[in-house]
Amino acid sequence: MTHPESTQPTSRLDPERVPRRDFLGLAALWSSLAAGFVALLGILRLPKAAVLPAPSRKFRVEVPESLAPGVPFEPAGRNVTLFRDQQGSVYAISKVCTHLGCIVRTDPAGFHCPCHGSNFDSLGEVLKGPAPAPLAWFAVQRASDGTWIVNEGQTVPQGTKEG
Amino acid sequence: MATAECRPALARFWANLKAVPALFRASAFRAGSPVSDRSRSSFVFGNVFLHLHSVRVHRWTLRWATTWGLGLITLAAFLIALLTGILLMFYYKPYPAVAYDSIKDIHFVVPTGRFIRNIHRWSANLMVVAVILHMARVFYTASYRRPREFNWVVGMVLLVLTLGLSFTGYLLPWDQLAYWAITIGANIAQSPREVTDALGLTAWFDLGGLQKLLLLGSDEVGEEALIRFYLLHVMILPIALLMLLAVHFWRIRKDGGLARPEDADGRLPAPARRLFPVFTQLPQKTYHLAALVRGRTPAMGPPENTLPSLPHLFYAEAGVLMLSVFICLLLALLSDAPLKELANPAVPENPAKAPWYFLGLQELVSHSAFMGGVGIPALVMIGLGLIPFLDREERGTGDWFGGPGGASLVVRATAFGLGACILLEAFTIRFGWLRQWWPEVPQLAITVANPGTLLALAYAWYSLWVMRRFDSTRAGALALFTCFLCGFVVLTVIGYHFRGPNWDFYWSPSQWPGH
Amino acid sequence: MKRRKHLLLWTSLGTLVLLGWAIYEEHFSQEWRLLQDQYRMRLEPAAARSFAVQLRQIVVPALNTTDRCVSCHVGMAAGETPIEGHPVFGSHPPVAHDPSEFGCTVCHGGQGRATRIADAHGTAPFWPQPMLPRGFAYAGCGSCHTHLAVTNLDQLERGRSLVERFDCLRCHELEGRGGTTRPFQATGPPAPDLSAVGARGFSPGWHDQHLERSRDAADGYWKDSITVLDVGQRRDLETFLRSRAGAPGLVESKALFHSQGCRGCHKVNAVGGDDGPDLSLAGQKDPALLDFSGLPGERSLPEWLREHFRAPAKVVAGSQMPYLGLDDEQIEGLTFYMLSLRRTSFPEAYWPPDRVRAQLLGERDFSADGATLYGTFCAACHGPRGQGMRYPGTSAFPAVANPDFLELASDEFLLTAIRRGRPGRRMPAWGETEGGLTETEILTLASYLRRLGGREPEPDGQPARWVRAEAESGGALYAQNCASCHGVEGQGGEGTALRNPVLLESASDTYLTETIWRGRRGTTMPAFSEASTIHRSLTRPEIESIVAFIRSWETRP
């Protein structure tokens, strides 16, 4: 469509002469849009929590001295299995499947995930199934009073033992 | 052959893909970019959010002094509260054991949480202030008159919903302030018992107890009350308010836009541009037909003193909206929303004060629970609702303080309203009331004759006198409305500033004992 | 149109400015962020690169703890390196409990959820439990260790003076003092720290082991710093060592509290008198609810407690608590103990042994010897030696260790008096359901009284009620001779309230007649067998008639 820009409109079907370079109007519109945009950024900031309401990932556990080598010890309320080896050293293996986060079952041969059938050996290495990586090992530390401190926040290379 | 057919289809696909942005724009803005009057109208018309507006507004409506944007500010405050409220729901947990902690978390660790909560709080307050002022504007410009009576009533329901939203939100932080304010509020709901007790009816008909039970779901403010208040605050009241808001806005259009004086066209300055005659074109849209239905045939009317809503009205609306945002943000940055210690049912706050807009009521309640909490507010609401049906006069519609008496009557009514209220309160504070003079006086006597009822009677008497003197219902309404507004302000100020522990009178909070 | 555009433009720009301000407040000016920036600058470059500026917290669901204190005190956060000596970033002093397992506020008070200094430390309005001030930090142990067993104050003092006398602190460290000398050689291991030896336990043969080492040593510290202790010294020293549970100050202040007889009027953990308020939660008082009018200094709970101990009636109008004349050190000690009374509720799995022993097994947190029991529950009113007391503005409290009294009072009379008290008077009933003392403890108390006064009861061949006299003439004699002290109606005054059901029920006629006949030397009660300047002598029949008159109160309402 072409509009006669120079003449007065005679009916409502004609375009009104709007000054297209209306600096004031454009500034007002753009600044309001900018304000809305910055406000939107602030709003989007809100749902991402700054701290998670999770308890400390470090916990203290008493591993029985009599625990036989290779027999899993599972502290209540934590998704970690602890083992002693022949020398009496202690290591901790995560029970969270590396596929989609189900909690694996501990059996004498290793670990078995009930969700999609991944199997791990007793050191957490993948034997079968969709799991892309071996089970994580966590840092273990002996406290002065003889208990063990497991840090779920700190993974260590497979085979790292303590004691 | 198959490949030959395939090639153009692929090419078409490619072309269509390239054209997606343009096609999308065209589908979103069906009438093209709003450059002409006509396309702007179509734009407003075809947009679900904008079509509540008429496509053209009268130039009287666009004057600042017509509305001072108060209704818009109320809407803006509501929208801000709605948005921030939804955001707060990400973190708020409506259960007594964790509600307070979740507010602490919002205050201290949620990114932007404190700011959002402050905005929510201030926008709620702004909404209450603006809605009261908006009602005063509508009243003083006599805009409630035919055909807008119904919208006035809808507006009153919206006022009640606004106060309800603000009040239910008050409990949610579950701190001492909230807990005791709500305890008082719930007992005001129970106050009809004062009358049923006095009449010996409570055993058969316990309206007050029922109201309190429905509100709290229990005898005391507890977890049941919290979940009820939460439900009311985030679900029932906002939905009700939104629906009525739609009715309110729709009625503005259907009632012919904002009220304006008969001679508005003459009083406006000459338009900068030439006016179009009314409907020189054939009716092409339903709104043209609507004009026909109202009895204005095309090409017959005088030139219309109107401007297209887009951009004229929308600039004004966006400006007022942004102004409200600015006010809320500024207040939110300057002052944090209060959060006192965790609610403790064993240690009452002293003084336990209701939200500020109920402090006038609390002052009345300190004289008589029923009259202050239920009787007088109900009378006021009924009176307000009746105004448009009793005032059938025509003079002064659309003008500030229009009608017989005018501004000078309002000034005198203000003086009377303030004076009567202050005198009566001063007398009560200084000399006490019936119970202090005759400790044996029956409760019913106090319910009937207390400073609150006396004040209402004085106002009623004054406005009847004004009505007779000016021989005008409108004059009486002006006097009565002004008086009650003044009474509300005085009582609120007394309750907010001059009442201390045990609801005793203090010149300033700094004189409170133990602080 | 132009004005509308201006409105939109300027409000939008204003909103943008406000949003910028909010971003600054949220993102750049928060105290914890500034502090973490400072912390990061003090780190080694490699550590600084891996250090994330973010909120940190310790969450212990069982204790309902969410403590963000470590957002500023970064050095105490799990896995971060402390900057030694720094007031904010330093490490936590060695304590019995790992802060990362218990959180901070459970001991220190304050507001764990807050992330601004004033709010977190609790100095902001509306926070009812502000942090314990620095000097009172160990009072926080009282939140869990509500029943920390303490021994007698004298014994503690004896043990402490032995530690000083034999210079144990030359090698051993104790509560931050001593331990400068290495016992073997300058580079050898230090001697064990004794600060928490009571909790850790020590070998019962420590004394002999020290002597053996000393014998074997050729020269040096081992040779010339070990002395042979006698049995009593060893007992005192071991008692003292057992009390070192890693909470310096708390044990002493609690022992002081017990020695002052405060529990004669105040209950703590359901044991104590009922004349004054229960103190079990005295350390949790909300400062905002206290009356500070007329008090100089800051408006904090410790300050209020100090002033209160200095002059109770000045702080609490109409307080019944007497002026105790405490010195500054005692006031500090009692304030410390009051602040430690901040029992919090949490699952039994977290209860410390002392709480388990006290609440589940019924063990005591005060030692059950007579001296401690008397000091804890009786001394405040009856005087440290049972000599009776008179506080300014109160009537006299009876001298319960008075030899004349103890000669006449049978054991049963003493036990009943302690067990059932004097209803309506300030003497509370100490039986298990009221004052909370066990039968054994009451027996111990009674025999301790005998030891204080050094008298056994005289044998009494008469039945409990043998007086057969006529009460009417006794009434006249009572009015002449007794009413001025004991009150016209026996309601008491300067003298004991005789019209007391428990007294009348448990006192034998012999006790009453002989007390009147002999009087009580050392008190204001004269012997009526002889005349004095203010009264004539009474004959035995006259005394019996007075007793009959007193007895008549039993039946008269």
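Please read all numbers here as calculations on a predicted model, not as lab measurements.
- Residue-environment remark: CH2 (B/W64) exceeds the threshold of 12 foreign heavy atoms within 6.0 Å.
- Shown here for A/A50 and B/P111, the closest heavy-atom pair between the two residues is N-CD, 3.9 Å.
- Looking at B/F115, neither its backbone nor its side chain comes within 4.5 Å of chain A, counting heavy atoms on both sides.
- Proximity to chain A involves both the backbone and the side chain of B/V109, based on heavy atoms less than 4.5 angstrom apart.
- A distance-only check finds no donor-acceptor pair linking the side chain of B/Y315 to the backbone of A/A28 [under 3.5 Å].
- Only the side chain of B/L83 comes within contact range of chain A, judged by heavy atoms closer than 4.5 Å.
- Few gaps surround CD on A/Q158; more than 12 heavy atoms of other groups in view lie less than 6.0 Å from it.
- For the pair B/F90 and A/P47, the tightest heavy-atom approach, listed with the atom from each and the gap, is CE2-CB, 3.8 Å.
- Across A/L46 and B/L87, no two heavy atoms sit closer than the pair CD2-O, 3.3 Å.
- Across all non-hydrogen atoms, the minimal contact from B/M322 to A/A35 is CE-CB, 4.1 Å.
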Using distance only, find each side-chain donor-acceptor pair of residues 36-45 of chain A under 3.5 Å and give its atom names and separation, not counting sequence neighbours.
unit_1	atom_1	unit_2	atom_2	d
A/R45	NE	C/H27	NE2	3.2

